[in-house]
Number of protein chains: 2
Amino acid sequence: MGEQVFNITELAQEFDITTRAIRFYEDQGLLEPERAGQRRIYNRRDRVRLMLILRGKRIGLSLQEIRELFALYDAAHDDAPQLQEFIRILERKELQLLTQMEDIKVVLTEIGQLRGQCEKALGKRANGHNQVKEL
Amino acid sequence: MGEQVFNITELAQEFDITTRAIRFYEDQGLLEPERAGQRRIYNRRDRVRLMLILRGKRIGLSLQEIRELFALYDAAHDDAPQLQEFIRILERKELQLLTQMEDIKVVLTEIGQLRGQCEKALGKRANGHNQVKEL
DNA sequence: GTTGACGTTGACGTAAACGTCAAGTTATCG
DNA sequence: CGATAACTTGACGTTTACGTCAACGTCAAC
């Protein structure tokens, strides 16, 4: 019943990234897996961290920002000034993300319009709904 | 009645970027302003392009991707295969953007929870004053 | 024992997106 | 006219996020 663990290639395959990337995240202080000798061993918590890293990247955070958030979150539980700082960062991020979502909505709308125009130009019927994968 | 035009520093200030960046976008084929002698003169269409570039960047497009979209959009009006290609690119982007929006929603939710925890830890009341924005 | 798969640590290379000079050009103001 | 500000084109530097070797360790299998 030992905790479930993973090695580096398993994680790399699961998340479709390279082992190099994972080691790089460790260099940057984003992961601290156990070692068995010199081999890295990742537990479920490490795996969650990796997921957070990748999601952070997808929404446009730099590795440094991700590290700062991790660090602040870790430190924040017992230090009031840190908590205040953490809240400020979160609020800034929240505003950025809301802007980003607005941008995305605009672009999605435009994409829809452009696709409509294209299909019209191709003589297709805009038959109500355009199935996204019919090519 | 002459068309409204701008110089490079005006645009830089308006969009809070450097002139270097604007020239760089031109190097990359994203802008082609007129010239008065060697000075660049931007019209409203150039300005719109610049806005599109910046919005593209905000949603995570590379300059190359932005250029491809511009090029395809320009060419797409009179070439059916190009139109098909354009549609494919748009659909791929659409899927990416939907994923990105999902990520953002998740993070916004987490941010809300974290802030709640922090404020609780600080003994504050969630007295409503900081509802940064509603979805 | 050695072969091969897998893992490790450096060290160096690379692409994107600019920043930062340097050195010259043009417009304007007094 | 000269000074100054604003603009120009290179050319090289910088940061981020890895990729790409090279050289070595290790462990099970043959």
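Lettering of chains follows the sequences in order, A, B, ..., and the numbering in each one begins at 1.
- One finds a side-chain N or O of B:K57 lying less than 4.0 angstrom from the OP1 or OP2 phosphate oxygen of C:dC18.
- Computed from coordinates, the A:I53 CD1 to D:dA17 C1' distance equals 13 Å when rounded to whole Å.
- Base pairing of C:dC12: its partner is D:dG19, meeting the Watson-Crick or G-U wobble criterion (both donor-acceptor distances under 3.5 Å).
- In this entry the distance linking CD of B:E10 with C1' of D:dC7 reads 13 Å, nearest Å.
- Regarding contacts with the backbone of D:dC7, every side-chain N or O of B:T19 stays at 4.0 angstrom or more from both OP1 and OP2.
- For the pair A:R67 and A:Q28, the minimum side-chain heavy-atom distance is below 4.5 Å.
- Not one side-chain nitrogen or oxygen of B:R20 sits closer than 4.0 Å to the OP1 or OP2 atom of D:dC12.
- Taking only side-chain nitrogens and oxygens, B:N7 never comes nearer than 4.0 Å to OP1 or OP2 of D:dA6.
- Applying salt bridge (Lys or Arg N to Asp or Glu O under 4.0 Å) to A:R47 and the options A:E14, A:E3, A:E10 leaves one that passes, A:E14.
- A:R39 contributes no side-chain N or O that forms a donor-acceptor pair with the base of C:dT8 under 3.5 Å.
- A close approach under 4.0 Å does occur between a side-chain nitrogen or oxygen of A:R23 and OP1 or OP2 of C:dT8.
- Distance, A:E65 CD to D:dT15 P: 17 Å, rounded to whole Å.
- Residues B:L63 and B:K57 are in side-chain contact: their nearest non-hydrogen atoms beyond the backbone lie under 4.5 Å apart.
- Looking at heavy atoms from C-beta onward, A:I17 lies in side-chain contact with A:L54 at the 4.5 angstrom threshold.
- In this structure, CD1 of A:I22 is placed 13 Å from C1' of D:dC18, rounded to the nearest angstrom.
- Nearest-nucleotide positions on DNA chain D place A:F24 closer to the 5' end than the other of A:Q38 and A:F24.
- Residue B:Y25 contributes atom OH, which lies 8 Å from atom P of C:dA17 at whole-angstrom precision.
- The distance from atom CD of A:Q28 to atom P of D:dA17 is 8 Å, rounded to the nearest whole Å.
- When distances are taken from the side chain of A:I8 to each of D:dA6, C:dT8, D:dC18, the shortest belongs to C:dT8.
- Between A:T18 and D:dC18, a side-chain N or O to OP1/OP2 separation shorter than 4.0 Å is absent.
- Between B:L61 atom CG and C:dA17 atom C1' the separation is 15 Å, expressed in whole Å.
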- Could you go step by step and tell me if A:I22 and A:Y42 meet the side-chain contact (heavy atoms from CB on, under 4.5 Å) rule? CA-CA 11 Å; A:I22 295 178; A:Y42 301 86; 3.3 Å; yes
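- We find that CZ of A:R35 is positioned 13 Å from C1' of D:dG25, with the value rounded to whole Å.
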